[in-house]
Amino acid sequence: MDGGSARGSKTVKARLPKGLRDIGECEAYAQNRMLRALSEVCTSWGFSALETPILEYADALGKFLPDEERPNAGVFSLRDDDEQWLALRYDLTAPLARYVAENYDSLPKPFRRYQHGPVFRNEKPDPGRFRQFMQFDADIVGAPVPLADAELCALAAKCMDTLGLKEKYSLHISNRKLLDGLLESIGLNKNESGFAEKRLRVLRSIDKMERLGARAVTDLLGMGRKDKSGDYTPGAGLDQKAIEKVLALVEGHIDFPSLEAIMGETASGKEGIEQLHEMIDLMKAFGVNEDVIELDPTVVRGLDYYTGPIFEIKMGASDSRLTRFGSVGGGGRYDDLVTRFKGIEIPAAGFSIGISRLYTVLEAMKESSAIEGETLDVVILLLDSTDRTEAVRITRELREANIRAEVYLGSSGMRAQMRYADRRSAKLAIIQGEQERKRNEITIRNLVLGKELSASIKDSSQWKEGGEAQRSVARERLLEEVSKTLASQK
RNA sequence: GCAGCCGUAGCUCAGUUGGUUAGAGCGCUUGAUUGUGGAUCAAGAGGUCCGUGGUUCAAAUCCACGCGGCUGUACCA
């Protein structure tokens with residue numbers, strides 16, 4: 001009555017906020033390795049590091065201002081003590097725009113930078129989609145030419161190659177101007193009322209092509225669509241002819257001649273095609289394998305954001321099992337982003353890779369080289385009869401030789417210590433109890449070999465003897481014998 | 001955001017038409033088998049039955065609302 005309930009009333013329930021997660025050792029190691037590798041690539045391509053803070057003024061982030069009804073829709077925001085709204089960054093590009101605007105005069109133009117860090121989105125978490133995740137981002141500000149777009153695409157490809165994913169991804173490229181050309185060619189006029197709304201619906205429908213298929217997209221372009229749950233999504237209200245034209249663009253593979261036919265004489269369409277041609281030529285010159293480049297007008301991305309070339313990095317083009325993961329990164333040209341601050345248009349383009357998402361995909365692909373953690377090498381057991389300072393000296397000697405070692409901390413029995421070593425996937429254990437000490441020896445147990453042998457062991461005395469998995473050697477030969485045992489395990 | 005389903009131990013779940021002290025398996029901790037990962041045996045820890053209110057002599061069980069999870073859908077920088 002007293003114990004449980006009294007404790008219950010005083011303790012706090014340990015719980016993780018929804019949509020957030022703890023990252024275990026395997027993913028943490030993998031994430032660090034990926035970030036390090038990508039940073040090196042960017043550095044060698046002449047991009048410099050820039051780290052902006054996690055918090056920004058909400059209005060500097062742009063789009064998602066806290067409003068009366070839903071102060072936390074999209075972004076996490078909070079009030080500073082001077083009443084100004086702060087918000088957690090939801091990507092790395094908006095803070096870059098703020099940085100560029102603030103430091104414009106002192107920056108070299110073009111300005112090339114990379115950055116990585118956690119970003120936050122306050123929205124409904126879905127499986128594999130969290131409210132905090134790691135992004136890697138690279139951008140070029142102040143270069144209006146397709147050469148910059150091509151270089152960023154090529155860098156994205158190089159990044160994927162560096163992560164060991166050569167031939168496991170593809171770059172789907174398109175151009176926002178193609179979509180402008182399409183809208184023009186189906187008779188949507190910029191100056192008509194309701195254009196913005198209609199444009200948005202058309203673009204969203206196109207974006208759903210891959211997930212929902214042609215029939216659903218037809219409905220969405222026309223009268224609207226009712227889904228399984230009974231929810232109704234209003235359509236764009238296009239006529240039959242227009243719908244067919246849109247579908248022609250987004251259905252199946254497309255090549256340049258058919259693209260030209262669809263775009264016709266529209267100015268934006270022509271410009272978009274021209275830019276794509278130039279980009280692809282330059283990408284190849286940058287060393288991108290032609291096979292990973294895929295012309296794909298279904299790529300839409302940020303609706304009010306991009307102004308020119310856009311692209312997405314998708315996994316396993318040939319492996320349909322992976323298409324459900326969608327894109328692991330993408331980017332494009334966003335010439336308007338700094339305009340908000342400066343009043344003048346500053347050309348900019350960039351891309352980001354979703355590190356957290358990429359890890360999830362690699363895990364599902366069982367890319368073990370990318371996802372395995374770093375295991376412990378040695379656990380030094382600590383028995384009642386073990387000399388503490390000697391155990392510490394052994395630990396230190398191993399560590400100085402760059403062997404990952406730890407001395408058991410605690411007073412449990414030997415059995416529990418062995419279980420601990422097993423749980424930690426340690427490769428071997430070192431024992432120096434009374435028997436070893438008398439003879440100035442140590443016992444090395446090969447845990448990997450021991451596990452293999454255990455399958456055939458029947459009675460418990462064999463366990464204790466250890467057989468080939470265990471031997472005693474002179475104390476001075478510690479390093480030599482440990483190294484030998486570790487080497488034998490590879 | 002909208003809709004449907006679900007919520008009992010760390011995990012997977014049982015719990016009768018509402019009825020005494022809420023259970024099992026696995027896992028976890030400790031111990032035994034001379035000082036060894038497995039097996040076996042023994043003991044132990046671990047619960048606000050999601051929360052709040054209601055119906056009732058009586059609620060894990062029925063009702064309402066909230067919260068959380070899953071699925072679909074919307075949004076997605």
Side-chain angles (χ1 to χ4, degrees), chain A residues 3-5 7-9 11 13-19 61-64 69-70 73-75 87 89-95 97 119-127 129 135 137 200-201 203-204 207-208 211-212 216 220 225-234 300-306 326-327 330-332 334 337 350 352 354 379 381 383-386 410-426 428-436 443 445-467 469-470 472:
Chain A
S5 59
R7 202 164 53 241
S9 64
T11 57
K13 187 174 171 115
R15 63 210 176 100
L16 193 58
K18 74 168 174 182
L61 291 182
K63 212 171 154 183
F64 297 95
E69 291 155 30
R70 300 173 64 198
V75 297
R89 64 186 180 201
Y90 53 79
D91 69 9
L92 297 173
T93 313
V119 302
F120 305 84
R121 296 183 187 180
N122 191 1
E123 55 194 1
K124 178 193 165 192
D126 278 325
R129 190 177 169 188
Q135 263 195 353
D137 193 277
L200 210 59
R201 289 206 174 139
L203 297 192
R204 283 175 184 159
D207 197 31
K208 293 191 176 80
R211 188 161 54 89
L212 300 179
L220 286 168
R225 170 173 183 265
K226 200 172 205 166
D227 63 57
K228 270 185 282 183
S229 71
D231 223 17
Y232 174 74
T233 311
V300 174
R301 297 195 60 80
L303 300 172
D304 286 319
Y305 195 89
Y306 292 106
S327 79
Y334 48 92
L337 211 60
S352 61
V379 171
L381 302 197
L383 307 181
D384 285 343
S385 52
T386 304
S411 54
S412 306
M414 189 163 181
R415 182 184 160 85
Q417 299 195 33
M418 287 300 292
R419 255 200 320 246
Y420 172 77
D422 191 40
R423 265 274 282 283
R424 295 290 313 274
S425 314
L428 54 90
I430 290 179
I431 305 158
Q432 191 183 42
E434 204 170 352
Q435 293 163 29
E436 288 86 355
T443 294
R445 182 171 177 87
N446 183 336
L447 297 173
V448 175
L449 183 59
K451 192 158 207 158
E452 282 169 27
L453 295 178
S454 74
S456 58
I457 288 180
K458 292 274 163 6
D459 71 83
S460 86
S461 67
Q462 273 179 285
W463 271 103
K464 289 162 200 158
E465 282 158 21
Q470 186 170 321
S472 294

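Quick note on labels: first sequence line is chain A, next is B, and so on, each numbered from 1.
Comparing the same atom, P, in U17(B) and in C62(B) gives a spacing of 11 Å after rounding to whole Å. Here the separation of G7(B) from U33(B), taken at their P atoms, is 46 Å to the nearest Å. Nucleotides U52(B) and U61(B) place their P atoms 12 Å apart, quoted to the nearest Å. Going from the P atom of A9(B) to that of G4(B) covers 26 Å, rounded to whole Å. Here, C75(B) and G15(B) have their C1' atoms 42 Å apart, quoted to the whole Å. To the nearest whole angstrom, the two C1' atoms, one in G47(B) and one in A14(B), are 15 Å apart. Rounded to the nearest Å, the gap between the P atom of C6(B) and that of A22(B) is 26 Å. Comparing C63(B) with U55(B), their C1' atoms are spaced 7 Å from each other, to the whole Å.
Nucleotide U29(B) holds its C1' atom 11 Å from the CZ atom of Arg423(A), rounded to whole Å. Atom pair Arg415(A):CZ and A42(B):C1' shows a separation of 12 Å (rounding to whole Å applied). Across the protein-nucleic acid pair, Lys18(A) atom NZ and G66(B) atom C1' stand 13 Å apart, rounded to whole Å. In this structure, Phe120(A) places its CZ atom 19 Å from P of A77(B), rounding to the nearest Å. In this structure, Met414(A) atom CE and U34(B) atom C1' are separated by 12 Å, rounded to whole Å. Distance Lys451(A) NZ to U36(B) C1': 14 Å, rounded to the nearest Å. Separating the CD atom of Glu123(A) from the P atom of A77(B) is a distance of 10 Å, rounded to the nearest angstrom. The CZ atom of Arg89(A) sits 23 Å away from the P atom of C76(B) (whole-angstrom rounding).
Residue Glu436(A) is in base contact, counting any heavy-atom pair closer than 4.0 Å across all strands shown. Within 4.0 Å (heavy atoms only), Leu447(A) reaches at least one base atom of the nucleic acid. Contacts of Leu212(A) with the nucleic acid, taken as non-hydrogen atoms under 4.0 Å apart, involve only primed sugar atoms and P, OP1 or OP2. Note on Arg211(A): only backbone sugar-phosphate atoms sit closer than 4.0 angstrom, heavy atoms only; bases stay farther off. In this structure, Glu434(A) reaches the bases: a heavy-atom distance under 4.0 Å links it to at least one base atom across the strands shown. Counting non-hydrogen atoms under 4.0 angstrom, Ser385(A) reaches nothing in the nucleic acid. Counting any heavy atom pair closer than 4.0 Å across all strands shown, Asn446(A) reaches a base atom. Residue Lys124(A) is classed as a base contact, given a heavy-atom separation below 4.0 Å to a base.
Taken to the nearest 0.5 Å, the CG atom of Leu61(A) stands 10.0 Å off from the CZ atom of Arg89(A).
Distance from the side chain of Met418(A) is smallest for U36(B) among the nucleotides A77(B), U36(B), U30(B).
G4(B) is paired with C70(B) under the Watson-Crick or G-U wobble criterion, all donor-acceptor distances under 3.5 Å. In this structure, C13(B) and G23(B) make a Watson-Crick or G-U wobble pair, each of the two defining distances being under 3.5 angstrom. Base-pair partner of G46(B): not found among the strands shown (Watson-Crick or G-U wobble, both distances under 3.5 Å). Nucleotide A39(B): unpaired (no Watson-Crick or G-U wobble partner with both distances less than 3.5 Å). Pair check for C76(B) finds none; no Watson-Crick or G-U wobble contact set falls under 3.5 Å. As the counterpart of C65(B), G51(B) is assigned, both hydrogen-bonding distances of the Watson-Crick or G-U wobble pattern falling under 3.5 Å.
Taking only side-chain nitrogens and oxygens, Arg129(A) never comes nearer than 4.0 Å to OP1 or OP2 of C70(B). For G37(B), neither phosphate oxygen OP1 nor OP2 lies less than 4.0 angstrom from any side-chain nitrogen or oxygen of Arg424(A).
Here the closest non-hydrogen pair linking Ser352(A) and Gln135(A) is OG-NE2, 3.8 Å. Minimum heavy-atom separation, Leu428(A) to Asn446(A): CB-CA, 4.3 Å. Between Ile431(A) and Leu381(A), the closest heavy-atom pair is CG1-CD1, 3.7 Å.
On a pure distance criterion of 3.5 Å, a polar donor-acceptor pair joins the side chain of Arg121(A) and the base of A77(B). Remark: the Gln417(A) side chain and the G37(B) base include no donor-acceptor N/O pair separated by less than 3.5 Å.
Using cut-offs of 30° and 60° on the angle between ring planes, the pair Tyr334(A) and Tyr305(A) is tilted.
Between the side chain of Arg225(A) and the backbone N or O of Leu220(A) there is no donor-acceptor pair closer than 3.5 Å. Side-chain N or O atoms of Thr386(A) include one that pairs as donor or acceptor with a backbone N or O of Gln432(A) at under 3.5 Å.
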